[in-house]
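Comments concern the structure below.
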Amino acid sequence: METLRRKRNDKKKLKEQIVETAMEAFTKLGIRCVRMDDIALSLSISKRTLYELFRDKENLLLEGLRMQQQQVNEAMIEVTTRTENVLEVIFAFYKRKLSELCNLNPQFFRDLRKYPKVLDYMREERKKYDSAILKYFNRGVEQGIFRPDINFDIINQAMVMQMDLLIYSDMLESYPLVEIYSEITLLHMRGITTRKGSEMVDAFLCQMKEKQFV
């Protein structure tokens, strides 16, 4: 029994190592440029072992995105336990996303077009959070941060379309990932915030700018 438990733990640890290694390579080089052979070689494991755990690259990528989503969920839960202010939660997510995009090869998004199961997973994940996000918007109205005359369902769908823009648009050939994400996000924030909310957005942006020059 103990031997079986140890084997399961070893297998789980190896899978986590493979996923972490693969996602680091995917985000740095793009998905297409990374072969399963490369991942096996970097971890000093056989291709057979790799394919026993992940049947193909799409399956491995899917596991990697699930792992990242879990990390985001845990981070957001931690933030919400520290503050009830809706904008502070959004700012925390915004900073995390900017950090991720700074280290992401734009080719990653272009390569996603070739993985339909991954795209389906991403769409389903977004649907799961629709009701939770709308609750945040409504809470922001109660806090005097967001305008009460906004159809937040439309705003939410528009913000969700950011991902489709990055995947299917050629805009990445002209502008950095961080700039595209930042401009679109801040446009939405300025459009839906009250004067109180706008002042908070401006203060946050000033703080971000100051840190860039420190």
Side-chain angles (χ1 to χ4, degrees), residues 5-82 89-133 136 159-168 172 177-178 180-181 185:
R5 188 181 296 112
R6 189 183 305 113
K7 286 183 177 179
R8 287 176 177 171
N9 289 337
D10 290 345
K11 183 178 180 180
K12 181 181 178 181
K13 185 176 181 180
L14 177 58
K15 287 189 70 172
E16 291 174 352
Q17 287 179 322
I18 292 171
V19 170
E20 290 173 1
T21 299
M23 290 306 293
E24 183 177 346
F26 292 155
T27 55
K28 182 179 180 180
L29 303 172
I31 305 166
R32 185 178 60 178
C33 290
V34 180
R35 302 175 305 164
M36 295 291 273
D37 290 18
D38 300 326
I39 297 169
L41 183 62
S42 66
L43 289 166
S44 300
I45 61 175
S46 67
K47 286 174 57 178
R48 178 178 178 179
T49 298
L50 179 58
Y51 279 106
E52 284 176 350
L53 297 173
F54 302 96
R55 61 179 174 271
D56 53 32
K57 191 195 288 188
E58 184 168 31
N59 179 244
L60 178 52
L61 175 61
L62 195 55
E63 288 300 314
L65 291 174
R66 284 175 177 152
M67 178 192 72
Q68 289 184 343
Q69 186 60 55
Q70 180 63 32
Q71 292 171 347
V72 170
N73 293 345
E74 291 172 356
M76 290 302 100
I77 289 173
E78 193 275 329
V79 172
T80 55
T81 59
R82 289 191 281 106
V89 176
I90 293 174
F91 292 156
F93 181 82
Y94 175 81
K95 287 192 290 187
R96 182 186 179 91
K97 198 67 179 178
L98 282 185
S99 177
E100 291 176 357
L101 294 178
C102 281
N103 301 310
L104 184 64
N105 187 326
Q107 188 61 44
F108 179 88
F109 285 111
R110 299 189 188 100
D111 291 344
L112 283 175
R113 303 174 191 179
K114 301 176 181 179
Y115 298 95
K117 292 180 182 178
V118 171
L119 293 176
D120 288 343
Y121 163 76
M122 294 170 69
R123 293 188 188 100
E124 288 303 313
E125 282 298 301
R126 291 201 296 258
K127 289 179 182 178
K128 287 181 184 179
Y129 294 100
D130 280 352
S131 59
I133 291 171
Y136 267 99
M159 294 180 74
V160 163
M161 289 172 64
Q162 288 184 63
M163 184 61 68
D164 291 333
L165 178 67
L166 294 176
I167 294 172
Y168 297 107
L172 289 172
L177 269 172
V178 169
I180 295 173
Y181 174 77
T185 302

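Values in this document were obtained by computation on a predicted structure and should not be read as measured data. Residue indices begin at 1 and follow the sequence shown.
Nearest approach of Asp111 to Gly30, heavy atoms of both residues: OD2-C, 3.6 Å. When all heavy atoms of Leu53 and Lys11 are compared, the pair lying nearest together is CD2-CE, 3.3 Å. When all heavy atoms of Gly64 and Val19 are compared, the closest pair comes out as CA-CG1, 3.4 Å. Residue Phe26 comes nearest to Ile39 through the heavy atom pair CZ-CD1, 4.2 Å, listed as atom of the first residue, atom of the second, then distance.
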Before you tell me yes or no, could you show the steps for Leu14 and Thr49 under side chain to side chain contact (heavy atoms under 4.5 Å, CB included), namely the whole-Å CA-CA distance, both residues' side-chain angles and the distance that decides it to 0.1 Å? CA-CA 10 Å; Leu14 177 58; Thr49 298; 3.9 Å; yes
Test side chain to side chain contact (heavy atoms under 4.5 Å, CB included) on Thr80 and Tyr136 and set out the steps. CA-CA 11 Å; Thr80 55; Tyr136 267 99; 2.8 Å; yes
Take Gln68 and Val72 through the test side chain to side chain contact (heavy atoms under 4.5 Å, CB included) and record every step on the way to the result. CA-CA 6 Å; Gln68 289 184 343; Val72 170; 5.6 Å; no
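Residues passing the side chain to side chain donor-acceptor pair (under 3.5 Å) test with Arg66, sequence neighbours excluded: Glu63. In this structure Arg48 satisfies the side chain to side chain donor-acceptor pair (under 3.5 Å) test together with Glu52, sequence neighbours excluded. Taking Glu24 as the reference, nothing meets the side chain to side chain contact (heavy atoms under 4.5 Å, CB included) condition, with sequence neighbours excluded. In this structure Tyr94 satisfies the ring pair (Phe, Tyr, Trp, His ring centres under 6.0 Å) test together with Tyr181, Phe204, sequence neighbours excluded. Listed by chain and number, the residues in a side chain to side chain contact (heavy atoms under 4.5 Å, CB included) with Glu78 are Arg82 (sequence neighbours excluded). In terms of the side chain to side chain donor-acceptor pair (under 3.5 Å) criterion, Gln71 has no residue partners (sequence neighbours excluded). Residues passing the side chain to side chain contact (heavy atoms under 4.5 Å, CB included) test with Glu16 are Lys12, sequence neighbours excluded. Tyr168 meets the side chain to side chain donor-acceptor pair (under 3.5 Å) test with Arg123; sequence neighbours excluded. Under the rule for a ring pair (Phe, Tyr, Trp, His ring centres under 6.0 Å), Phe54 has no partner lying at least two apart in sequence or in another chain. For Ile180, the side chain to side chain contact (heavy atoms under 4.5 Å, CB included) partners are Leu165, Leu166, Met171, Leu172, Tyr175, Ile184, not counting sequence neighbours.
Within the 4.5 Å cutoff, the side chain of Tyr121 has no heavy atoms near those of the Leu61 side chain. The shortest side-chain heavy-atom distance between Leu112 and Phe108 falls under the 4.5 Å cut-off. Taking 4.5 Å as the limit, every side-chain heavy atom of Arg110 sits out of range of all side-chain heavy atoms of Ile31. Residues Leu50 and Leu43 form no side-chain contact, since every pair of their non-hydrogen atoms from C-beta on lies 4.5 Å or further apart. Proximity of Leu60 to Met36: side-chain heavy atoms (C-beta onward) are separated by under 4.5 Å at one or more points.
To the nearest 0.5 Å, the span separating CE on Met23 from CG on Leu65 amounts to 4.5 Å. The distance from the CD1 atom of Ile133 to the NZ atom of Lys128 is 13.5 Å, given to the nearest 0.5 Å.
Listed by first then second residue, pairs satisfying side-chain hydrogen bond (donor to acceptor under 3.5 Å, both in side chains) with a partner in residues 31-43 read Arg35-Asp38, Asp37-Lys47, not counting sequence neighbours.
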Could you list the donor-acceptor pairs under 3.5 angstrom formed by side chains in residues 96-106, with sequence neighbours left out?
residue : atom : partner : partner atom : Å
Asn103  : ND2  : Ser99   : O            : 3.2
Asn105  : OD1  : Gln107  : N            : 2.9
Asn105  : ND2  : Lys28   : O            : 3.2

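A distance-only check finds a donor-acceptor pair linking the side chain of Glu58 to the backbone of Lys117 [under 3.5 Å].
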